[in-house]
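Notes to accompany the following structure.
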Amino acid sequence: MAYKDTVKALTNRGVREEVAAMLAAKLKTLSGITAAGVEGLVELGISEEEAQSIIAAVGKRAPSASKAAKAAVEEAPKVEVKMEEVTNFYQYTDTEEKLKGISEGLGYKLPMKIIVDIAARIKDADLDDATCEKLIKVANRMYTAHLMDQNESAGVMAAHSIGEPGTQMNMRTFHYAGVANINVTQGLPRLIEIVDARRVPSTPSMNIPLIGIAASDENVAKMVASNIEITSLLDIADVETDITNLKLVIRPDARKMDEKGLTTEEVVEKLNKLKAVRGLVSIEGFDIVVTLDAANEEAPFKKLQSMFEAVKNAKIKGIDGITRAVISKKDGVYGIVTEGSNLKEVLKVEGVDADNVMTNSILEVADVLGIEAARNSIIHEAEGTLGEAGLDVDIRHIMLVADLMTNDGSVKAIGRHGVSGKKSSVLARAAFEITAAHLLHAAMVGEVDHLEGVTENIIVGQPVTLGTGAVNLIYTPKTKGDEE
């Protein structure tokens, strides 16, 4: 069931639109929602009462096992697994402790990242206390000079800082990611994908650095690439239909088989796992033969055709979602650039530098590595996209957008199903999209707008509560009796 169909099905059952959108994005289908149950929905941030009503509306999940099987599971001895929490605290070096003490002694509130960065630069310099104190004073002066003033319109400035340069970007641009025939969406379409938190980018791609011998030996790098790139049967063999004898004849290409590091026995093993031809595959000379048992088939020719369709697209090797994997070389070190993305499986491949694998699919990063990694991915992708277009945007504005998109533990879009749709102000939501629906709903439930933001104050024609608008000045003029 497609995303829109799931959302529509849920809203037709009385589920709130924003909740329906979140469930469709997280759990995909109605069966996925019923499988998650009330506890699964509560874990997604939905109240228990609402979760129960959603499960009731969607319908109960059909039992997947017989009563006997369930009873056997219940009677089986339960194995108690002891979980141990492991926490690795960061150990500060002597230099970092020294700089931290100087900062606290001067009454400064410098972030530890600044202190750690300074310590890393001076670790071999052997500086005296006076010089270290000067460094801390300069760092504090620079840090405080770059702090945002109180009541500054940080959100508006960030939106303008990213939105205005966005109008100068090309509508549709592609560039080669260091290798031929690998297209990656750039420009304004890519920036829109990032802030919309698209589940699947228009051109998903991965940049996979290699380690060990694979990073220096091209043949080994090609072997790693063949383990990543998905290989179907037609990529390595020709398939013919022998109607007379009711069988399929598969003729492997020796050169292609060698390039992919495959043997005939491995291909037969993979084909025998297909439901359509299970147990019917054998080796005859240099060929692989799939023989149909016509005696047990009412429509043998139709069955032969369905077997042909199943076999020709059979996955023999590689990772789902990776349609191409091309070797690239930078500074004498080999890497792999892919069309398609599957971060979870790529991290398991031997020879891959798992710590430095990059994908342009932000939600995939969130699913595999967590929300902090997704935040960093948003910053990296947005900064890279703007940089490709030659636009210089202060990284703090991009960081603010990334924080806003990820601050509740999930990646939200800057749109009506995400950040803009969750604003507390009725007028701000109405000014963004579906105006009449927002105003009608607010009137029905008696919602109150306290006019605290920028948009709503501009709509009603009064100063915004930011900057000078956030300060009330009271002047009492002197009378004749007052002393000067």
Side-chain angles (χ1 to χ4, degrees), residues 111 113-114 117 139 141-173 175 184-198 201-202 358 360 362-363 365-366 371-408 410-425 427-429 431-433 451-459 463-471:
K113 185 180 186 307
I114 294 176
D117 288 346
R141 185 174 71 246
M142 295 174 68
Y143 171 69
T144 52
H146 286 80
L147 286 175
M148 188 70 72
D149 293 331
Q150 288 187 3
N151 295 313
E152 187 67 74
S153 52
V156 175
M157 289 178 65
H160 178 266
S161 178
I162 296 173
E164 191 276 331
T167 63
Q168 303 171 36
M169 301 175 78
N170 293 330
M171 286 300 293
R172 175 70 59 182
T173 60
H175 85 291
V184 180
T185 304
Q186 285 292 329
L188 188 60
R190 178 58 186 153
L191 193 61
I192 292 171
E193 282 183 358
I194 294 167
V195 298
D196 277 356
R198 301 270 173 88
S202 55
M358 295 294 294
N360 64 355
I362 293 166
L363 270 77
V365 173
I371 195 65
E372 284 293 336
R375 172 188 176 274
N376 290 335
S377 181
I378 292 170
I379 296 168
H380 174 80
E381 291 292 327
E383 189 179 24
T385 302
L386 292 163
E388 284 282 343
L391 302 171
D392 183 21
V393 176
D394 194 313
I395 192 172
R396 290 179 296 171
H397 294 144
I398 299 173
M399 290 169 68
L400 181 60
V401 172
D403 287 338
L404 196 62
M405 291 175 66
T406 58
N407 67 345
D408 69 346
S410 62
V411 181
K412 302 189 299 295
I414 305 288
R416 87 165 171 233
H417 296 304
V419 176
S420 297
K422 297 294 191 298
K423 287 184 177 179
S424 59
S425 168
L427 293 177
R429 297 200 303 269
F432 186 74
E433 276 183 8
L451 305 176
E452 294 175 342
V454 175
T455 307
E456 50 267 39
N457 278 294
I458 292 174
I459 290 173
V464 299
T465 55
L466 293 169
T468 56
V471 180

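We count residues from 1, following the sequence as given. These numbers come from a predicted model, not from an experiment. Values below: all heavy atoms of this structure, side chains included; hydrogens, waters and symmetry mates excluded.
Rounded to the nearest 0.5 angstrom, Leu386 CG and Leu188 CG are separated by 10.0 Å. Interatomic distance, CG of Asn376 versus CD1 of Ile362, reported as 11.0 Å (0.5 Å rounding). In this structure, CD1 on Ile162 lies 12.0 Å from CE on Met157, to the nearest 0.5 angstrom.
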Pair up each side-chain donor or acceptor in residues 189-198 with any protein partner under 3.5 Å, not counting sequence neighbours, and list the distances.
residue	atom	partner	partner atom	Å
Arg190	NH1	Glu193	OE1	2.9
Arg190	NH2	Asn360	O	2.7
Arg190	NH2	Glu381	OE1	3.1
Glu193	OE2	Ser202	N	2.9
Glu193	OE2	Ser202	OG	2.5
Asp196	OD2	Arg198	NH2	3.3

Per-pair distances, 0.1 Å, donor-acceptor, side chain in residues 389-405, under 3.5 Å, sequence neighbours excluded:
residue	atom	partner	partner atom	Å
Asp394	OD1	Arg396	N	2.9
Asp394	OD1	Arg396	NE	3.4
Asp394	OD2	Arg396	NH2	3.3
Arg396	NH1	His146	O	2.6
His397	ND1	Ser161	OG	2.8
Asp403	OD1	Arg375	NE	2.4
Asp403	OD1	Arg375	NH2	3.4

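When all heavy atoms are compared, the tightest approach of Asn457 to Thr465 is ND2-N, 4.3 Å. The shortest non-hydrogen separation linking Asp408 to Lys412 is OD1-NZ, 3.3 Å. Nearest heavy atom pair, residue Ala431 against residue Ile459, reads CB-CD1, 3.9 Å. The shortest heavy-atom contact between Gly187 and Thr385 is O-CG2, 3.5 Å. Nearest heavy-atom pair across Phe432 and Ile414 is CZ-O, 4.3 Å.
Side-chain atoms of Thr406 and Glu372, non-hydrogen and from C-beta on, never get closer than 4.5 Å to each other. In this structure, Thr455 and Leu427 have side chains that are not in contact, with every pair of non-hydrogen atoms separated by 4.5 Å or more.
Under the side chain to side chain donor-acceptor pair (under 3.5 Å) criterion, Glu383 pairs with no residue, sequence neighbours left out.
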Problem set entry | side chain to side chain contact (heavy atoms under 4.5 Å, CB included) between Val365 and Met358, intermediate numbers included | CA-CA 9 Å; Val365 173; Met358 295 294 294; over 6 Å; no
